[in-house]
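All figures in this text were calculated on a predicted structure; none of them were measured in a lab.
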Amino acid sequence: MFSYVWPIGLVVCSNIVYQICAKSVPDSASPFAALTITYLVGALCSAMMFYFSGPRSGLWNEFSKMNWAPYVLGLVIVGLEVGYIYAYKAGWSVSTAPMVQSAFLAVALVFVGFLLY
(Lines give C-alpha, C1' and ligand atoms only; values in the text may rest on other atoms or scores of the structure.)
Protein backbone atom coordinates (compact mmCIF):
# COMPACT_ATOMS: atom_id res chain seq x y z
CA MET A 1 0.00 0.00 0.00
CA PHE A 2 2.80 2.43 0.90
CA SER A 3 4.47 1.91 -2.50
CA TYR A 4 1.17 2.93 -4.10
CA VAL A 5 0.60 6.05 -1.97
CA TRP A 6 4.03 7.61 -1.43
CA PRO A 7 4.55 8.70 -5.07
CA ILE A 8 1.28 10.65 -5.04
CA GLY A 9 2.23 12.21 -1.72
CA LEU A 10 5.57 13.24 -3.21
CA VAL A 11 3.83 14.77 -6.24
CA VAL A 12 1.39 16.71 -4.05
CA CYS A 13 4.07 18.02 -1.69
CA SER A 14 6.41 18.86 -4.57
CA ASN A 15 3.60 20.60 -6.44
CA ILE A 16 2.80 22.77 -3.43
CA VAL A 17 6.40 23.96 -3.20
CA TYR A 18 6.57 24.24 -7.01
CA GLN A 19 3.57 26.59 -7.13
CA ILE A 20 5.00 28.72 -4.34
CA CYS A 21 8.35 28.95 -6.15
CA ALA A 22 6.76 29.70 -9.54
CA LYS A 23 4.69 32.46 -7.95
CA SER A 24 7.79 33.84 -6.20
CA VAL A 25 9.93 34.37 -9.31
CA PRO A 26 10.51 38.14 -9.33
CA ASP A 27 8.46 40.05 -11.91
CA SER A 28 11.62 41.80 -13.04
CA ALA A 29 13.43 38.50 -13.67
CA SER A 30 13.38 36.66 -16.97
CA PRO A 31 11.44 33.40 -16.58
CA PHE A 32 13.99 31.74 -18.87
CA ALA A 33 16.92 32.80 -16.66
CA ALA A 34 15.02 31.43 -13.66
CA LEU A 35 14.40 28.17 -15.53
CA THR A 36 18.07 27.91 -16.46
CA ILE A 37 18.94 27.92 -12.76
CA THR A 38 16.05 25.53 -12.07
CA TYR A 39 17.24 23.00 -14.64
CA LEU A 40 20.88 23.23 -13.61
CA VAL A 41 19.88 22.42 -10.02
CA GLY A 42 17.50 19.70 -11.27
CA ALA A 43 20.18 18.14 -13.48
CA LEU A 44 22.64 18.10 -10.58
CA CYS A 45 20.06 16.52 -8.25
CA SER A 46 19.06 13.95 -10.86
CA ALA A 47 22.68 12.95 -11.51
CA MET A 48 23.37 12.61 -7.78
CA MET A 49 20.20 10.57 -7.22
CA PHE A 50 21.14 8.35 -10.18
CA TYR A 51 24.49 7.52 -8.61
CA PHE A 52 23.10 7.07 -5.09
CA SER A 53 20.12 4.94 -6.14
CA GLY A 54 22.16 1.80 -6.72
CA PRO A 55 24.56 0.14 -9.11
CA ARG A 56 24.05 1.06 -12.74
CA SER A 57 26.08 0.65 -15.86
CA GLY A 58 26.85 4.37 -15.89
CA LEU A 59 24.94 7.50 -16.76
CA TRP A 60 26.25 7.72 -20.34
CA ASN A 61 25.27 4.11 -20.97
CA GLU A 62 21.80 4.81 -19.61
CA PHE A 63 21.51 7.78 -21.97
CA SER A 64 22.01 5.41 -24.89
CA LYS A 65 18.89 3.47 -23.86
CA MET A 66 16.57 6.48 -24.18
CA ASN A 67 13.94 6.97 -26.84
CA TRP A 68 12.26 10.22 -27.92
CA ALA A 69 10.26 10.67 -24.69
CA PRO A 70 12.88 12.35 -22.42
CA TYR A 71 13.73 14.87 -25.13
CA VAL A 72 10.11 15.84 -25.72
CA LEU A 73 9.50 15.81 -21.95
CA GLY A 74 12.27 18.39 -21.57
CA LEU A 75 10.56 20.67 -24.09
CA VAL A 76 7.15 20.15 -22.52
CA ILE A 77 8.42 20.86 -19.01
CA VAL A 78 9.74 24.22 -20.20
CA GLY A 79 6.24 24.98 -21.49
CA LEU A 80 4.67 24.00 -18.18
CA GLU A 81 7.12 25.99 -16.12
CA VAL A 82 7.08 29.16 -18.18
CA GLY A 83 3.29 28.91 -18.55
CA TYR A 84 2.83 28.98 -14.79
CA ILE A 85 5.37 31.76 -14.31
CA TYR A 86 3.65 33.93 -16.92
CA ALA A 87 0.20 33.05 -15.53
CA TYR A 88 1.30 34.28 -12.10
CA LYS A 89 2.86 37.42 -13.63
CA ALA A 90 -0.49 38.03 -15.36
CA GLY A 91 -2.28 37.97 -12.01
CA TRP A 92 -3.51 34.41 -11.55
CA SER A 93 -3.50 33.32 -7.92
CA VAL A 94 -1.90 30.20 -6.51
CA SER A 95 -5.32 29.02 -5.40
CA THR A 96 -6.96 29.18 -8.83
CA ALA A 97 -4.37 28.72 -11.61
CA PRO A 98 -3.50 25.09 -10.74
CA MET A 99 -7.18 24.15 -10.28
CA VAL A 100 -8.24 25.66 -13.60
CA GLN A 101 -5.31 23.99 -15.34
CA SER A 102 -6.08 20.65 -13.67
CA ALA A 103 -9.73 20.79 -14.66
CA PHE A 104 -8.90 21.38 -18.32
CA LEU A 105 -6.14 18.77 -18.16
CA ALA A 106 -8.47 16.14 -16.67
CA VAL A 107 -10.99 16.63 -19.48
CA ALA A 108 -8.29 16.53 -22.14
CA LEU A 109 -6.72 13.38 -20.67
CA VAL A 110 -10.07 11.56 -20.84
CA PHE A 111 -9.89 11.96 -24.61
CA VAL A 112 -6.15 11.24 -24.80
CA GLY A 113 -6.62 8.08 -22.73
CA PHE A 114 -9.51 6.94 -24.88
CA LEU A 115 -7.78 7.66 -28.20
CA LEU A 116 -4.24 6.53 -27.42
CA TYR A 117 -4.50 4.00 -24.63
According to a 4.5 Å side-chain heavy-atom criterion applied to Ile, Leu, Val, Met, Phe, Trp and Tyr, with indirect links allowed, do [X] and [Y] form part of one hydrophobic cluster?
X	Y	answer
Val110	Leu115	no
Val12	Val94	no
Leu105	Val11	no
Leu40	Val78	no
Met1	Trp6	no

Practice prompt. Start with the C-alpha gap between Trp60 and Phe63, add the side-chain angles, then the distance that decides, and say whether ring-ring contact (aromatic ring centres under 6.0 Å, His included) holds.
Written response: CA-CA 5 Å; Trp60 294 112; Phe63 286 166; 5.1 Å; yes

Worksheet item: With a cut-off of 6.0 Å (strictly less than), are more than 12 heavy atoms of other residues, nucleotides or ligands near CE of Met49?
Response: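 Atom CE in Met49 is not crowded, with 12 or fewer foreign heavy atoms closer than 6.0 Å.
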
Heavy-atom closest pair, residues [X] and [Y]:
X	Y	result
Tyr39	Ile77	OH-CG2, 3.1 Å
Leu59	Phe50	N-CE2, 3.5 Å
Ser93	Pro98	O-CD, 4.0 Å

Item to complete: Can you run down the salt bridge (Lys or Arg N to Asp or Glu O under 4.0 Å) pairs that involve residues 61-76, sequence neighbours left out, and say none if there aren't any?
Response: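 The answer is Glu62-Lys65.
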
Cut-off 3.5 Å, no hydrogens considered: what does the side-chain donor-acceptor table look like for residues 28-37, sequence neighbours left out?
from  : atom 1 : to    : atom 2 : distance (Å)
Ser30 : OG     : Phe32 : N      : 3.2
Ser30 : OG     : Ala33 : N      : 3.4
Thr36 : OG1    : Phe32 : O      : 2.8

Fill in: Separation between OG of Ser53 and CE of Met48, rounded to the nearest 0.5 Å
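These two atoms lie 12.0 Å from each other.
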
Response to the item:
CG of Leu75 to CG of Leu80, rounded to nearest 0.5 Å, is 11.5 Å

Worksheet item: Is there a side-chain contact between Asn61 and Ser64 (heavy atoms, below 4.5 Å)?
Response: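 Asn61 vs Ser64: side chains touch.
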
Worksheet item: What orientation do Tyr88 and Tyr84 show, parallel under 30°, tilted 30 to 60°, or perpendicular over 60°?
Response: parallel

Worksheet item: Under 3.5 Å, side chain of Lys23 to main-chain N/O of Trp92, donor-acceptor pair present?
Response: yes

